[in-house]
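Just below is one structure, and these are the notes that go with it.
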Protein chains: 2
Amino acid sequence: MELALLLPPGMTVTPTMKEQCPLRDTLDRIGDRWTVIVVVLLLPGPRRFTELMRAAEGISQRMLTHTLRGLERDGLLTRTVHACVPPKVEYELTDPGRALAGPLTELLHWSVRHQESVLAARKTFDADV
Amino acid sequence: MELALLLPPGMTVTPTMKEQCPLRDTLDRIGDRWTVIVVVLLLPGPRRFTELMRAAEGISQRMLTHTLRGLERDGLLTRTVHACVPPKVEYELTDPGRALAGPLTELLHWSVRHQESVLAARKTFDADV
DNA sequence: CTGGATCCGACTGGATACTG
DNA sequence: CAGTATCCAGTCGGATCCAG
């Protein structure tokens, strides 16, 4: 499959037709501040709310809830409530959710490989301005 | 390289230490509304400002400028001004910029493969709420 | 043609307080 | 423990007008 698929003949790339532009839709989902972090933290296995809270340093309760809800909504993770006191809720990636590991790894490769040149370019650019 | 690299031992994933979390940095760069679209439009070859304007349906002049500046700043594309009347400016991806095609293709694969299940899950979720 | 400058609404996300 | 509700600041991005 080619990246050109993002641009079928006669079709423009517009953010307003997300369902016909899957990549756009995906980027909207994982492009926010915390989604990728939460997914990565869940890759090793199920985690509880508070565990995630501690692991994702800097996240607020509100954003952790929002992020988890978004992933649950899209079927990328499951939310399991254990009826006990104190309450215990476990989050676990589904197969589609775990499948994100591949693409994310690719992106990580690129990030690491080009990080130095990117930071250097950024420094130079900012210095000139 | 493993995705776990995103989480070196003893290090937490925090958006505040971007330079030590390359993936986070990358997502910040390509996670906005237009960057990926512009990169994809530039993959076939150099393009002029107005060409990009037409191809990226819905983009405003301001955002096209901003997006191009951001990519130029990170050394992902070059900006060439041809001294003529009317002015002519060409944008062309650099090697690092072109290298983004791989990871983006991976992400596209995931998007297409799971689009149906994601949309279905979303529909179900919204119906229950 | 290729932008820069300004204004402004919408959305994102953090802080805090409260609850079953 | 695992959230919900509310408030609020910062940012993103569109519209419009102006300029080399």
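Each chain gets a letter, A, B and so on, in the order the sequences are listed, and its residues count up from 1. Any value given below was found using the heavy atoms of this structure, including those in side chains, with hydrogens, waters and symmetry copies removed.
- Rounded to whole Å, atom P of C:dC1 lies 11 Å from atom CD of B:Glu51.
- Under 4.0 Å is where a charged nitrogen must lie from a carboxylate oxygen, and between B:Asp126 and B:Arg122 no such pair does.
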Could you run through nucleotides 3-8 of chain C and give me one letter per nucleotide, 5' to 3': B if any protein heavy atom sits under 4.0 Å from the base, S if only the sugar-phosphate is that close, - if neither? BB-B--
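- Looking at B:Trp110, its side chain never comes within 3.5 Å of a backbone N or O of A:Leu23 through a donor-acceptor pair.
- Between the CE atom of A:Met63 and the P atom of C:dT16 there is a distance of 17 Å, given to the nearest Å.
- Spacing between atom NZ of A:Lys88 and atom P of D:dA2 amounts to 9 Å, rounded to whole angstrom units.
- In this structure, A:Arg29 places its CZ atom 15 Å from P of C:dT12, rounding to the nearest Å.
- Following rounding to the nearest Å, B:Asp32 (CG) and C:dC11 (P) show an atom-to-atom distance of 17 Å.
- Remark on DNA chain D: of its neighbouring residues A:Pro86 and B:Ser60, the 5'-side contact belongs to A:Pro86, judged by nearest-heavy-atom nucleotide.
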Let me see the working for B:Leu42 and B:Glu92 under side-chain contact (heavy atoms from CB on, under 4.5 Å), right down to the final yes or no. CA-CA 6 Å; B:Leu42 283 174; B:Glu92 181 170 18; over 6 Å; no
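- Atom OG1 of A:Thr65 and atom CD of A:Glu72 lie 11.0 Å apart (nearest 0.5 Å).
- Atom CZ of B:Arg33 is separated from atom P of C:dC11 by 10 Å (rounded to the nearest Å).
- At a threshold of 4.0 Å, the pair A:Arg29-A:Asp25 counts as salt-bridged, since one of the basic side-chain nitrogens sits closer than that to a carboxylate oxygen.
- At whole-Å resolution of the value, NE2 in A:His66 and P in D:dA5 are 10 Å apart.
- The nearest pair of heavy atoms linking B:Ser117 to A:Pro96 is OG-CG, 4.2 Å.
- Counting to the nearest Å, the C1' atom of D:dC12 and the CG atom of A:Asp28 are 13 Å from each other.
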